Amino acid sequence: MKTEITYAVEEQVATITLSRPERLNALTSTLLTELAESIEEANQDDTIRVIVLTGAGRGFCAGQDLKTVQPGMDHGDYLKQYYHPVIRALATTKKPTIAAINGVAAGAGLSLTLACDFRIVRDDAKLSLGFINIGLVPDAGAPYFLPRLIGSAKALELALLGETITAQQAYDYHLVTKSVDAGQYEQEVASFAKLLASRPTKVIGYIKQLQSASSESTLEDMLAQEIIYQSRAGKTEDHQQAVQAFLEKKAPVFSGR
Ligand code: LHQ
């Protein structure tokens, strides 16, 4: 029984909602543990084709719950125990992930979104790396993901200045996939998730694994990897029926297998 998140499945899309709205879904050890379990559950469930991460109420996530930080607590130990399993689960899941940023995302709340494949932000949401404002370094995967997403100069600027940026700025910096008008936001997230759920899910997993290998690899490594994954992709039902559909001048229908 989960108490600080909700997990709901509809039409092959698992939606994980951070659920402490009275504190803008600030993160606790309980929430982080439940979150890691839920991502793993969705990852293992063959009927799930997309994972959406969002927040209850007016915020996405205000980062670590600062009211639960005990004097003398070692932040490094805390990261290792509670945050890193979540970041690893998000970064390695075979399923496509969407961070649906329904409101403010600050500190480690923003970091969670960086470990997802897509970020769809409501146009009135504010984003802040913010760690520097309380004398901390960015964490929860942000030092890895942010420079790779937006380049090292902009990443350093956001980390050192800790400023709050608008959804439009986030889009201009290529930090988010799209910024959507508040009135259409929920519908847009649902239709984007539905679109991803209709794609060849197994092959999406292969593409993600290839891309994640590329940042640490040489050309020769990657040529070797593409042989492995294209061989697997070529044996999927989705590939075989899509070629058949092409030959018959029909639209492919992907089962995800
Ligand atoms: C909160 C929080 C919050 C508790 C809003 N905690 N209550 C850190 C330490 C250890 C190990 C691992 O790593 C980390 C990583 C981190 O994430 S450090 C960064 C932590 N987060 C922040 O520094 C952000 C703090 N929050 C804010 O700056 C503002 O609340 C933002 C800009 C997010 C939203 O501002 P507003 O829209 O004006 O809302 P608010 O400030 O009025 O907040 C609403 C309520 O939520 C309020 O409670 P109250 O009882 O007064 O109504 C806040 O106290 C509570 N809240 N963030 N992180």
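Only a predicted model underlies this, so the values are computations on that prediction, with no experimental measurement involved. All ligand and atom numbering here is 1-based and tracks the order in the structure. Only heavy atoms go into these numbers, but all of them, side chains included; no hydrogens, no water, no symmetry mates.
With distances taken over non-hydrogen atoms, the option nearest atom 8 (C) of ligand 1 out of K80, Q64, R20, Q70 is Q64. Looking at D77, D65, T68, it is D65 that brings a heavy atom closest to atom 4 (C) of ligand 1. Nearest to atom 37 (O) of ligand 1 by heavy atom, out of M73, K67, R58, is R58.
Taking atom 46 (O) of ligand 1 as the reference point, the nearest protein heavy-atom neighbour is R23 CA, 3.5 Å. From the protein, the heavy atom lying nearest to atom 43 (O) of ligand 1 is L24 CD1, 3.6 Å. Of the protein's non-hydrogen atoms, A62 CB, 3.2 Å is the one closest to atom 57 (N) of ligand 1. From the protein, the heavy atom lying nearest to atom 32 (C) of ligand 1 is V104 CG2, 4.2 Å.
Residue contacts with ligand 1 for L66 involve both N, CA, C or O and side-chain atoms from C-beta outward (heavy atoms, distance under 4.0 Å). Heavy atoms of T164 found under 4.0 angstrom from ligand 1: none, in either backbone or side chain.
In terms of modelled atom types and a separation under 3.5 Å, the side chain of R122 and the main chain of A182 share no donor-acceptor contact.
A salt bridge links D117 with K208: the distance from a Lys NZ or Arg NE/NH1/NH2 to an Asp or Glu carboxylate oxygen falls below 4.0 Å. Salt bridge present: R23 and D65 bring a charged side-chain N and a carboxylate O closer than 4.0 Å. Taking a cutoff of 4.0 Å between a charged side-chain nitrogen and a carboxylate oxygen, E216 and R148 qualify as a salt bridge. A salt bridge is defined here as a Lys NZ or Arg NE, NH1 or NH2 lying under 4.0 Å from an Asp or Glu carboxylate O, and E188 with K178 meets this definition. Of the charged side-chain nitrogens involved, at least one lies within less than 4.0 Å of a carboxylate oxygen, so that E37 and K2 count as a salt-bridged pair.
Ligand 1 lies less than 4.0 angstrom from a heavy atom belonging to Y83.
Counting only N and O atoms by type, the side chains of Q64 and T68 include a donor and acceptor under 3.5 Å apart. No side-chain donor from either of E163 and S128 sits under 3.5 Å from a side-chain acceptor of the other.
Using a 4.0 Å threshold on non-hydrogen atoms, atom 19 (C) of ligand 1 counts as touching the protein. Contact annotation for atom 6 (N) of ligand 1: protein present (non-hydrogen atoms, distance under 4.0 Å). The protein does not reach atom 41 (O) of ligand 1 closely, with no heavy atom under 4.0 angstrom from it. Under the 4.0 Å distance rule, the nearest protein heavy atom to atom 28 (O) of ligand 1 falls outside the cut-off.
Rounding to the nearest 0.5 Å gives a distance of 4.5 Å between CG of D139 and CG of L79.
Residue G63 approaches ligand 1 through these ligand atoms, each under 4.0 Å from one of its heavy atoms: 17 (O). Close approach of ligand 1 to E22 (heavy-atom distance below 4.0 Å) involves ligand atoms 45 (C), 46 (O). Remark: ligand 1 atoms within the under-4.0 Å shell around heavy atoms of D139 are 12 (C), 13 (O), 14 (C), 15 (C).
Under the 30°/60° scheme for interplanar angles, the aromatic rings of Y206 and Y229 are found to be tilted.
Just one residue in the list L90, T30, I16 forms a side chain to side chain contact (heavy atoms under 4.5 Å, CB included) with L35, and that residue is I16.
Note: no N/O pair closer than 3.5 Å links L136 and ligand 1 by distance alone.
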